[in-house]
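The analysis underlying the following values was restricted to heavy atoms, covering all of them including side chains, and did not include hydrogens, waters or symmetry mates.
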Amino acid sequence: QVHLVESGGGLVQAGGSLRLSCAASGSICRINAMGWYRQAPGKQRELVARIISGGNTNYGDSVKGRFTISRDNAENAVYLQMSSLKPEDTAVYYCNFDVGIVNARYWGQGTQVTVSS
């Protein structure tokens, strides 16, 4: 019912920047939160950034000061501006929406970010 599509991943050199986008389609009556998570090979999926309905944000410790999450509620979209990228940022990045009165969690398919040293 809710489909999320990420874009913006790619290959970038250390110190560079990328902007990830995620747009939702389908029947959405309420978005409680939006977020970005990432998973590197052999590692668990970890929180990158999250923004809740009131606009408050949370960031993983490893990205604080370098990444910024933002949203466009009118477009049902969430963005992740990534700056000062490091090789350890290399991962598949997934967006998620928490939707509806039961707070159902939807995930995108992931977009690869590779940072070369």
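- Between the OG1 atom in Thr68 and the CG atom in Leu80 there is a gap of 8.0 Å [rounded to 0.5 Å].
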* Please lay out, stage by stage, how Lys64 and Asp61 fare under the test salt bridge (charged side-chain N to carboxylate O under 4.0 Å, His left out). => CA-CA 5 Å; Lys64 288 179 179 177; Asp61 288 341; 3.0 Å; yes
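- Looking at heavy atoms from C-beta onward, Leu4 lies out of side-chain contact with Tyr94 at the 4.5 angstrom threshold.
- The side-chain heavy atoms of Arg66 and Tyr59, taken from C-beta on, include no pair separated by under 4.5 Å.
- Using a 4.5 Å cut-off on side-chain heavy atoms (C-beta onward), Arg38 and Ser62 make contact.
- Tyr37 is linked by a ring pair (Phe, Tyr, Trp, His ring centres under 6.0 Å) to Trp107, counting only residues two or more places apart in sequence or in another chain.
- Between Gln112 and Thr90, the closest side-chain pair of non-hydrogen atoms falls below 4.5 Å.
- Val2 and Val78 end up in the same hydrophobic cluster when Ile, Leu, Val, Met, Phe, Trp and Tyr side chains are linked at under 4.5 Å.
- Side-chain N/O atoms of Asn103 and Arg105 include no donor and acceptor closer than 3.5 Å.
- For the atom pair Lys86 NZ and Ser117 OG, the distance stands at 14.0 Å (nearest 0.5 Å).
- Residues Ala91 and Ala40 approach most closely at CB-N, 3.8 Å, considering heavy atoms.
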* To do: Go through Asn96 and Asp98 one step at a time and tell me if the side-chain hydrogen bond (donor to acceptor under 3.5 Å, both in side chains) criterion holds.
  => CA-CA 7 Å; Asn96 90 278; Asp98 295 332; 3.0 Å; yes
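- A continuous path of ILVMFWY side-chain contacts below 4.5 Å connects Tyr106 to Ile69, so both sit in one hydrophobic cluster.
- Separation of atoms SG (Cys22) and CZ (Arg71) is listed at 14.0 Å; rounding is to 0.5 Å.
- Under the rule for a side-chain contact (heavy atoms from CB on, under 4.5 Å), the partners of Val113 that lie at least two apart in sequence or sit in another chain are Leu18, Leu20, Met82, Tyr93, Val115.
- There is no path of hydrophobic side-chain contacts, each under 4.5 Å, that joins Val5 to Ile31.
- At least one donor-acceptor pair closer than 3.5 Å links the side chain of Asn32 to the backbone N or O of Gly100.
- Residues Cys95 and Met34 fail the side-chain proximity criterion, which asks for heavy atoms closer than 4.5 Å.
- Between the CH2 atom in Trp36 and the CD1 atom in Ile51 there is a gap of 12.5 Å [rounded to 0.5 Å].
- Nearest heavy-atom pair across Val92 and Gly110 is CG1-CA, 3.8 Å.
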